[in-house]
Amino acid sequence: MKRRVLIKNMALAAVGLMFLPACETGTKKAAAQSLPVSLSSGQETLLAEVVDTIIPATDTPGAKELNVHFFVYNMVTDCYEQEVLESFVKGLDTVEDITQNNFGKSFGECNAAQRTEILGKLERSGKDDQKEFFALVKKLTIQGYMNSEYVMTNLTNYQMIPGHYYGCVPVKESKQAA
Amino acid sequence: MANLSIDAVKERTYDAIVIGSGISGGWAAKELAEKGLKTLVLERGRDVKHIKDYPTTSMNPWEFEHRGQLPLDVRSQNPVISKCYAFYEGTTHFFVKDNEHPYVQEKPFDWIRGYQVGGKSLLWARQTQRWSDFDFEGPARDGFAVDWPIRYKDIAPWYSYVEKFAGISGNKDGLPNLPDGEFLPPHEMNCVESHFQKQVASKYKDRHVIMGRCAHITKPEPIHLQQGRAQCQHRTICERGCPFGGYFSSNASTLPWAARTGNMTLRPNAVVHSIIYDEDKGKATGVRVIDADTKEATEFYARIIFVNAAALNTNLILLNSTSRRFPNGLGNDNGLMGKYVAFHNYRARVSAEYDGFLEYTTDGRRPNSPYIPRFRNVYKQETNFLRGYAAGFSASRMSVPGGDGLGASLKESLLNPSLGGWRVGSHMMGETIPKESNYVSLDLKQKDDFGIPQLKVSIDYDNNDEKMIQDYFEQISEMFTNAGFKNIRTSDSKQAPGLDIHEMGGVRMGHDPKISLLNKWNQLHACKNVFVTDGACMTSTSTQNPSLSYMALTARAVDYAVNELKRMNL
């Protein structure tokens, strides 16, 4: 009985951990630093919508379907300073605020054109924190998308084992693997 | 005490002990075991079995949680090793973390270490060039350090011997200052590299651009297949360990070969405290070992001992091996042990662009690059600094993904990158002059977890190095200009010594016991059954990547040692 409860709790913990750092050493830093800021479910959804606006589904999947929002949050949590993480979370709230001011509804309720307009405002914003937030999210979205299994195996011809190096290939004939 | 019973002593007695299982220790193990000696190999780190213990070797980029990037806490806890180009999410398990084995930096020194079976042979850059007499004669001609007690003819057959087994690819270039070896087919140059090669050859009599010689099996010979190794597959993720055994490492090559003889006992997690010296016998009788996990001390005994703990740790072990006869370290009668340490100067780079050959590109990946052998001060002294530098060189074209905009247009441009122009780059590998003031010593006040004194490191650049960097900038820039390269930029990383991972010396070879520690057979002058054949033995550094010379010196020294044993001279 006890064992079953434990397993159930572990399963719950695993779900809860989805947005927490999972790398081997990541667990050790909690004691020394303050705990990573976690996202509310609303922020989580918003982030998914933001990355999907940056790289939307077309005839191939967009960033959201490829779980790039998980990657973005994971990177910000594990690989950046605490201040960056905090301004990242603040940035998400700013997106929502600007959307409300402009369209009187949430980012999630906006259509694609409106969403693009909002992110464009951030990109061209006179405020450094808004600009930096957008630059960071865009950079990580591109990184996560281009390095996703789907893109590397289906679209950019990644080869783990090329088996050769040819030094002088006409561009016309090259496959241009990344 | 039970462990002093005769049986227990017998159980812990071998013909030979090898301290360290890296690139030179692996060779000592193979040679000793093949010659029939019961050989104990002591490795301070954990075991790493070929293929089985390469956890990241077949991971795709998307399988790394941070796509290779190091998490912030790993970087902040490891400021030293985080500077190393090979330390990333796929290799953290093969590096000694900064807090694992502390040392004292009297001057900044980035000590990069791999404590595991195979040591840094899993991580090395695999460049393998022979020395020539222009290198061995350097100290005598230019009046620094001491004369090398060997010349090219002494080591040449041993270069051949280790090259055939390890598998070295290269082109027979016929250069007197970089002798040819036993080569497997060379890697290919690309159009811009060949262009540069031709331009340099036409404008400079004594300067050459050649394909790098490297420890990759470009076409396996039977001896490589017998080792269970296969042709290099051009994955260029070597530092994670190669499941094909495409490049040479102790794990893929020498250690399994030694194991197959039935004569080798490999003991991981065995930290060597010191070597035991017996005054009555006038020789070393064994080593004191501390178990890395239990901290339990044990002694092992043998007739000969090879010290291959990696340059600075070999110094540490010998300095810590004190006795009434050798109060300052084993064999250290002249007080020079730990001194005259040198390294390679890797601070400088030159990069540029080339707008020719735009209709050509490359395909696949290459675990190697072209090489410019030393051309300064080779035949005579011609500059205001001593010695010179070799240089790496390579050209490549990268895809440049468009990153503008948002939405479908951004996606479209990301997936249809344009091909950028050719970029070329070079890095310097400069010889540094061994000096008494560049030294390591023991800090008797600060000990490590095993009660062993910490190593104090005091090593720095000097004015000769600074002048050499300027000359490298000028000469390479001129060569680039002559080849039509544009936008030439120089950069000095100012990196501390150590990051080159080519630290050498401290237990130098020489003719005279008064001014050197080892004789021409890598034998301690004052304790003849102890041999040092890793980087610690180097009298000078020249410019070649040193591992191939360690391999050759090791095989040569083992041959001598075993003959001496047979003649009852040890």
Side-chain angles (χ1 to χ4, degrees), chain A residues 21-26 28-29 32-33 53-56 58 60 62-63 71 74-75 77-82 112 115-116 119-120 123 138-139 142-153 155-156 158-178, chain B residues 58-77 89 92-93 97 187-194 231-237 244 357-368 395 397-399 401 403 405-408 410-412 414-417 419:
Chain A
C23 60
E24 188 193 350
T25 44
K28 290 178 197 152
K29 72 179 170 186
Q33 297 175 9
T53 305
I54 296 172
I55 301 179
T58 50
T60 57
F71 171 75
N74 210 16
M75 289 297 285
T77 309
D78 291 357
C79 298
Y80 290 83
E81 313 287 339
Q82 180 76 14
R115 289 180 185 183
T116 304
L119 294 189
E123 188 173 22
K138 183 176 170 183
K139 181 184 117 177
I142 291 173
Q143 191 187 354
Y145 173 75
M146 293 303 284
N147 289 290
S148 66
E149 180 172 5
Y150 178 85
V151 171
M152 291 192 91
T153 52
L155 305 178
T156 56
Y158 168 74
Q159 288 176 299
M160 165 70 102
I161 305 176
H164 65 261
Y165 174 82
Y166 304 133
C168 229
V169 180
V171 171
K172 278 179 282 181
E173 292 163 27
S174 82
K175 285 190 292 285
Q176 270 251 324
Chain B
S58 294
M59 281 172 69
N60 286 296
W62 58 86
E63 293 173 291
F64 289 99
E65 197 185 353
H66 307 96
R67 304 297 186 267
Q69 207 167 313
L70 289 167
L72 179 65
D73 60 340
V74 175
R75 275 181 283 137
S76 53
Q77 284 161 21
E89 199 173 20
T92 52
H93 48 286
K97 306 302 175 295
H187 287 113
E188 209 175 296
M189 282 191 192
N190 62 44
C191 336
V192 173
E193 291 163 351
S194 299
Q231 188 164 328
C232 166
Q233 297 297 308
H234 294 242
R235 307 187 323 149
T236 65
I237 44 176
F244 302 96
F357 295 106
L358 290 175
E359 62 279 28
Y360 291 100
T361 186
T362 62
D363 188 70
R365 295 193 291 273
R366 186 182 60 191
N368 189 9
R397 280 187 95 169
M398 305 291 269
S399 293
L406 270 178
L410 171 65
K411 190 178 179 185
E412 180 72 16
L414 287 172
L415 295 175
N416 296 287
L419 190 56

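Lettering of chains follows the sequences in order, A, B, ..., and the numbering in each one begins at 1. What you see is a predicted model, and the numbers here were worked out from it, not measured in a lab.
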>> Tell me which of these, A:G120, A:S148, A:G62, has more heavy-atom pairs under 4.5 Å with chain B than the rest.
In response: A:S148
>> If you count heavy-atom pairs within less than 4.5 Å of chain B, which of A:R115, A:M75, A:K139 leads?
In response: A:M75
> Can you say whether B:F244 sits under 4.5 Å from chain A via the side chain, the backbone, both, or neither, judging by heavy atoms?
Replying inline: side chain
> Side chain of B:K411, backbone of A:I54: donor and acceptor closer than 3.5 Å?
Replying inline: no
>> How close do B:T362 and A:G167 get, counting heavy atoms only, and between which atoms?
In response: CG2-O, 3.6 Å
>> Which residue in the set B:Q69, B:R67, B:E65 passes side chain to side chain contact (heavy atoms under 4.5 Å, CB included) when paired with A:C79?
In response: B:Q69
> Of the non-hydrogen atoms in A:P162 and B:R365, which two are nearest, and what is the gap between them?
Replying inline: CD-NH2, 3.4 Å
>> For chain B, which candidate among A:Y166, A:F71, A:Y145 shows the most heavy-atom pairs at distances under 4.5 Å?
In response: A:Y166
> If you tally heavy-atom pairs under 4.5 Å against chain B, which of A:Q143, A:M146, A:K172, A:K138 wins?
Replying inline: A:K138
> Is a side-chain N or O of B:Q233 found less than 3.5 angstrom from the main chain of A:I161, in a donor-acceptor match?
Replying inline: no
>> Just verifying a value: how many Å separate A:T77 OG1 and B:H66 NE2, rounded to the nearest 0.5 Å?
In response: 8.0 Å
> Please walk me through it: do B:N60 and A:E149 pass side chain to side chain contact (heavy atoms under 4.5 Å, CB included)?
Replying inline: CA-CA 8 Å; B:N60 286 296; A:E149 180 172 5; over 6 Å; no
> To the nearest 0.5 Å, what is the distance between CG (A:L155) and CG (B:L414)?
Replying inline: 11.0 Å
> Going through the checks in order, is the side chain to side chain contact (heavy atoms under 4.5 Å, CB included) test met by A:Y165 and B:H187?
Replying inline: CA-CA 8 Å; A:Y165 174 82; B:H187 287 113; 5.8 Å; no
> Could you give the distance from CG (B:L410) to CD1 (A:I55), rounded to the nearest 0.5 Å?
Replying inline: 5.5 Å
>> So for B:E188, is it side chain, backbone, both, or neither that comes closer than 4.5 Å to the heavy atoms of chain A?
In response: both
> What part of B:L70 lies closer than 4.5 angstrom to a heavy atom of chain A: side chain, backbone, both or neither?
Replying inline: backbone
